[in-house]
Every structure is written in structure tokens, then in C-alpha cells.
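It should be emphasised that the depicted structure is a prediction, and the values quoted were computed from it without experimental measurement. Here is the naming used below: chain letters follow the sequence lines, and residue numbers restart at 1 for every chain.
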Amino acid sequence: MQLKDALDVLEEIAFYLELKGENVFKINAFHNAVRNLSKYDISLNDAFEKQIIQNTKGVGKSIQGVLEELKNSGVSSLLEELKKDFPESLITLTKIRGLGAKKIKKLYDELGISSIDELEQACIENKLLKIQGFGEKTQNSILENIKKIKDYEGKLLLHYADEIVESILDETKKIGLKKISVTGEIRLRKKVISKIEFLVSEEKTLEKFLSKLKATKNSSNNFASNFEGYLVHIYTTNEEQFYFDLFRTTGTEDFLKKISFSKLDEKNFYSEEDIFKSLGYDYIPPQARENIQLDLRKYDFPELKDLKGLIHVHSIYSDGSNSIEEILEFAEKNNYEYVLLCDHSKSAFYANGLDEIRLKEQWKEIDDLNSKSKKVRILKGIECDILPDGSLDFDDDILSQFDCVIASVHSKFKMTKNEMTSRIVKALKNKFVKILGHPTGRLLLSREPYPLDLDEVINVAASEGKSIELNCNPHRLDLDWEYHQKAISRGIKITISPDAHSFEDMTYVKYGIDMAIKGGLEKKNIVNCMGVNEFIKNFCNK
DNA sequence: GCCGTTTTCGGCCCGACTGTTTTCAGTCG
């Protein structure tokens, strides 16, 4: 069991305690424990072995007991006991934004609502207005949020899809199924996946594979299955037509049309390259086939190894889980020339943002490490909050002392389009700001972007000579690939950054590479394809 | 439930926001 799953159990316990009207401080104790442990991305076993559970503040005897029990048996008897008094589905209501334990209890006690469907029906029938503390706006926002949840149902982010693919491919290895490839949306590297698709060439083991997935027949060579609530499609083919069908099932339909795929008069190919060749085109990687605007020519697409700078990394100084030394080791191991360390600024109190005093401590540590490190240069950066009025979280005197400043919006999302646009435009005009972080603030499948005139932001970034981030966190992927051509056509360079808070996050740049290819970015368009000296020359103060 | 200690019980993070109220409760990060 992962520590994160165990923390979900603690959150559930807190929820049921709150339903029962337990002491607020007792409930908070569970929330505190979760908060203090949530920065560790490890298994529950490791958390015990590394003495993390034992030494973390806010994790006392009894919460430790719960975690111990989870480690040993996978369940919590406390949670099981608490659950007994309520319907199983009640906790699903916590998925709805704006609903906490208090409101859920009211809905349950007064209207007997215990599921999202029941709640939706009650809203439609105007029943919530009768309850004290609920009004029209609350009812509307609940309905809206339910709609969102239903829209998102069955869809998953790319990195989760990759995990599922991985686990299914592990199974096929055990079975002995050899000729299988992921195809369709995942192979195109779409940012949100609605079905998981495989192409398999028929062999003896196919039946075993299909029964393992409990797949049912759709048509003669198409099977469907449901894996943990997600749709899986399995297309079957034969050895000779494998690449033809891989090409076809990868799509997109628009792309196939664009290259006149249907005009191919033979079906036996030995690679996708051969298919492009016989159609008279250079090879186009699957990522780029979703972007119908791109020319059918060879692009100088970036690869992971072309990224020379690891830009936008958080350390334990703010809300990251690694020390600067550990980040340095990671960078060395992965052949980066430089790291731009970007912890949060002081206003980001929820993320332990740095004030001027702690900044100085960090700078000293960076200087010390730089004097020892031969291979990797650590640069002093900051992810500086853009305050609601467009000013920055440090004054120019402090800002001037960073090598490079990334400016991002983290608060007050609910502004008008005009207000938000001028807020960001003002920040971009600060001469020490070099990169705009996650420009739209969206969280895929969870939070809409804030209202923003992105065209205007791109125009200003261009005229000010600033870079825009392609945030590689699979929840963000922001700046979206659909805006890449617009940005580079104005001369903007894009920064591919992991916005990392852990080692795992640092590997997210691979999703950035996927999106960059999709957007039609070439190495020359990407800031961190520059070596350290060129980066300093073009994007650093001093 | 956790912590800290003036060691056995009292205090516990907090500000912003929203929507409901008519002065505040609930939620969120």
C-alpha cells in the first residue's frame, strides 16, 4: 500500500468523525497528520522503515496505530466501525466541490440523500432550498459541479492511463502475448484519455488475454472491457497487417484523411516509416498526428536528452520533498547541465513560501553546493506569486538578486477576464520576470482555467521578450499545445518545466516533450534546450 | 487526537471566499 492510499483512509476517518459530530480538534488531528505526511511519495512500508511515520509531528500513538494496522492488514477497523452507521455511497458526495461533512450530514439527515444521483434529483426538484443554510446559489453550484463530475467520469489523465497500460502489459508478459501495442488516444499522447486502446496480432494466447480482461466482443475484430471503471478496447489483427492497423487505429481520423491513408492499395508494411514513405511523406510521430495544423514535413522535434536545464524545481525550503543536494544528485545522474531552483515566494504561505530571511539561507546553501559541484550548476530562481494587483511578491531589489524569476498566479482566481489579463500583463512587464508559469492555471479534469485573454498575454510576452512555461505536470500541461504555434510565431520561446515537488515529478518532463511535439515545437523554440551559458545569457539577470 | 510541559491537562493555523444570513458557518487551500 502506498502512503498516499493510507492518507486517504485517514481522511475518510476524519470525514466520518465529523459526520458523527466528534470534537473538532480530534478531527483536525487527522487532517494535520495527513498534511504533514502528504509530501512523501513512498510506500507505507518504507514510511515506517525510514522512521517517517514515527518522527512526523502530528502523528501520535493512535494515528500511528491506524497506519500500522493498514500496513499489516490493508484495512482499518476504526474506519470499518465508523462506516457502519452510514450508507456506503455517502462519502462519494465529498467529490462535489463546496460540500463538506457538515452539509453532507444535513442533506442526509433532512432529505435522506446519500448518493450523487439522489442529490442531483433533489436539486432538480428544488428540494435543497428548504434546508437551513442552503440557498439557490448553493443548489445551482451543486448541480453544476455534479455535471462536471459526470463529464469527467471514465476519463483519465495521461499519466494514470500510462500506469494502467503498464499493468496490463505486465499481465500480457506473464501470459506470453508478444505482439501487442498500445494505440489510439494514448499512443497519440492526448492529454485526457477516454479509452485505453490496444492492438494485438492474433496468437494462441489472445483468448487468455481477453478472458483475463473479461473482454466482450464488439465486432469481428474489436473487443471491449472495463478496467477499474475505464473503457478498454482491444483491436485484433494479424502479423502481416500489424503496422497498417497500428497506423489506422492510432489515427486521428482527420490525420488519416489529411495524408490520404485510404488511398493505400497494400496493407503489408514492416514499419510505420514505410507507410509514410509510400504515401510520399516524412515520418510523423504519433504525438504530432493529433495536431492537424502542422505541416506534413520533418520537424526538429526535441527528445528528453535535448533538455539541458531542469527548470522549475521545488525543494524542502518550500513544499518540495527533496533537499537541494538531492535535486543536484538527480540532475547529475540525468545529465542536466543546470537546475533552476524555484521555490514558492512568501505569499504562498500554504506552500511554506520563502521570505527574505530564508531566501538568504537558501542562497548560501546554493553557493556552497555550486562551489563543490563540477557537473551541474544550480541557479537561484523563484516561483514568485503574481499578487491580485499584478505586482510581485518581492520588491525589485530582491528580484534583481535572483538569476531567473518565474512568475505565477496562485490566488484569487475569480477575477474578470480583463482584470486577470492586466494582472498578468503587468507582471510580465516587470523586467526581472523572465518566465510566465502555468499561464492559465487550469487543472485538467478538475479546475477550469481562470478567465484570461491568452492571445493578449502571448502578445505581451512576445514584445517583452519573455518565455512562457509549458508546465509538464500531467494535471496541467499548460501552456496547452494548441497555443504553441501562436506563441512561437511571435518569437516566444517555451520553457519545458516539471514544476517538480518530488523525484517522480522531475520525470514529468517526458509529458512536456510529448506536448511540445504535438504543438509542433522544435529544439530552437525551447528555452531549456539551451546550454547553461546560453540560458544565462538570454534568461538570467546580471 | 496531538503536543508540550509549569507532567497530566489546556490549547490546538488561519485567511479568503462564498453564500447565507442580518452576524456567521462551512469550505478550501
For the side chain of A/K57, starting at C-beta, report the closest nucleotide among B/dC2, B/dG26, B/dC3.
B/dC3
Can you tell me the distance, in whole Å, between the CD atom of A/E22 and the P atom of B/dC2?
13 Å
Tell me: CZ of A/F15 to P of B/dG26, nearest whole Å?
14 Å
Salt bridge check, A/K191 against A/D480: does any charged N sit closer than 4.0 Å to a carboxylate O?
yes
Of the non-hydrogen atoms in A/K26 and A/E22, which two are nearest, and what is the gap between them?
NZ-OE2, 3.1 Å
Between P of B/dC28 and CG of A/L443, the distance in whole Å:
15 Å
Between B/dG15 and B/dT8, how far apart are the two P atoms, rounded to whole Å?
33 Å
Out of curiosity, A/N36 CG to A/I53 CD1, how far, rounded to the nearest 0.5 Å?
11.0 Å
To the nearest Å, give me how far apart CG (A/D385) and P (B/dG29) are.
16 Å
Whole-angstrom distance between B/dC28 and B/dT20, as gauged at atom P
15 Å
Tabulate protein N/O versus nucleotide N/O from nucleotides 16-24 of chain B, keeping only pairs under 3.5 Å, one per line.
{"from": "B/dG19", "atom 1": "O3'", "to": "A/T138", "atom 2": "OG1", "distance (Å)": "3.0"}
{"from": "B/dT20", "atom 1": "OP1", "to": "A/G135", "atom 2": "N", "distance (Å)": "2.7"}
{"from": "B/dT20", "atom 1": "OP1", "to": "A/G135", "atom 2": "O", "distance (Å)": "3.0"}
{"from": "B/dT20", "atom 1": "OP1", "to": "A/E136", "atom 2": "N", "distance (Å)": "3.2"}
{"from": "B/dT20", "atom 1": "OP1", "to": "A/K137", "atom 2": "N", "distance (Å)": "3.3"}
{"from": "B/dT20", "atom 1": "OP1", "to": "A/T138", "atom 2": "N", "distance (Å)": "3.1"}
{"from": "B/dT20", "atom 1": "OP1", "to": "A/T138", "atom 2": "OG1", "distance (Å)": "3.0"}

Would you classify A/L99 as touching base, sugar-phosphate or nothing, given that sugar-phosphate means primed atoms plus P, OP1 and OP2, and contacts are heavy atoms under 4.0 Å?
sugar-phosphate
Just checking A/A33: base, sugar-phosphate only, or nothing, at a heavy-atom cut-off of under 4.0 Å?
nothing
Work out how far the P atom of B/dG26 is from that of B/dT21, and round it to whole angstrom.
12 Å
Of the options A/L479, A/I458, A/L454, A/N459, which is the one that meets A/K486 in a side-chain contact (heavy atoms from CB on, under 4.5 Å)?
A/I458
Considering all heavy atoms, the nearest A/V339-A/A331 contact:
CG2-CB, 3.5 Å
Thinking salt bridges, do A/D368 and A/K364 make one under a 4.0 Å N-O criterion?
yes
Just wondering, more than 12 heavy atoms not from A/K71 lying within 6.0 Å of its NZ?
yes
Find which nucleotide of DNA chain B each of A/I63 and A/I96 is nearest to by heavy atoms, and output the residue with the more 5' nucleotide.
A/I63
Glycosidic conformation of B/dT18, syn or anti, with 90° from 0 as the boundary?
anti
Touch class at under 4.0 angstrom, heavy-atom based, for A/V59 against every strand present
sugar-phosphate
Rounding to an integer number of angstrom, what distance separates B/dT7 and B/dC2 when you compare their C1' atoms?
15 Å
Taking atom CD as the centre, does A/E136 end up with more than 12 heavy-atom neighbours from other residues, nucleotides or ligands that are less than 6.0 angstrom away?
no
Spatial distance of atom OG (A/S321) from atom CD (A/E326) [nearest 0.5 Å]:
8.0 Å
Atom pairs under 3.5 Å, N or O on each side, protein against nucleotides 6-15 of chain B: can you list them with distances?
{"from": "B/dC13", "atom 1": "N4", "to": "A/R35", "atom 2": "NH1", "distance (Å)": "3.1"}

So A/M515 and A/L521, side chain to side chain contact (heavy atoms under 4.5 Å, CB included) or not? Walk me through it.
CA-CA 9 Å; A/M515 295 306 136; A/L521 298 185; over 6 Å; no
Starting at atom CD of A/E11, determine the distance to atom P of B/dC28, rounded to an integer number of angstrom.
11 Å
Quote, to the nearest angstrom, the P distance that separates B/dT5 from B/dG11.
16 Å
If we call it a pair only when both distances are under 3.5 Å in a Watson-Crick or G-U wobble match, what pairs with B/dT8?
none
Considering only atom P, compute the distance from B/dT18 to B/dG10 and round it to an integer number of Å.
39 Å
Any chance NZ of A/K150 has more than 12 other-residue heavy atoms, nucleotides or ligands included, within less than 6.0 Å?
yes
From NZ of A/K106 over to P of B/dG26, roughly how many Å is that when rounded to an integer?
7 Å
Say you pick atom P in B/dC3 and the same atom in B/dC17; how far apart are they, in whole Å?
32 Å
Could you state the atom-to-atom distance from NZ of A/K102 to C1' of B/dC28 in whole Å?
13 Å
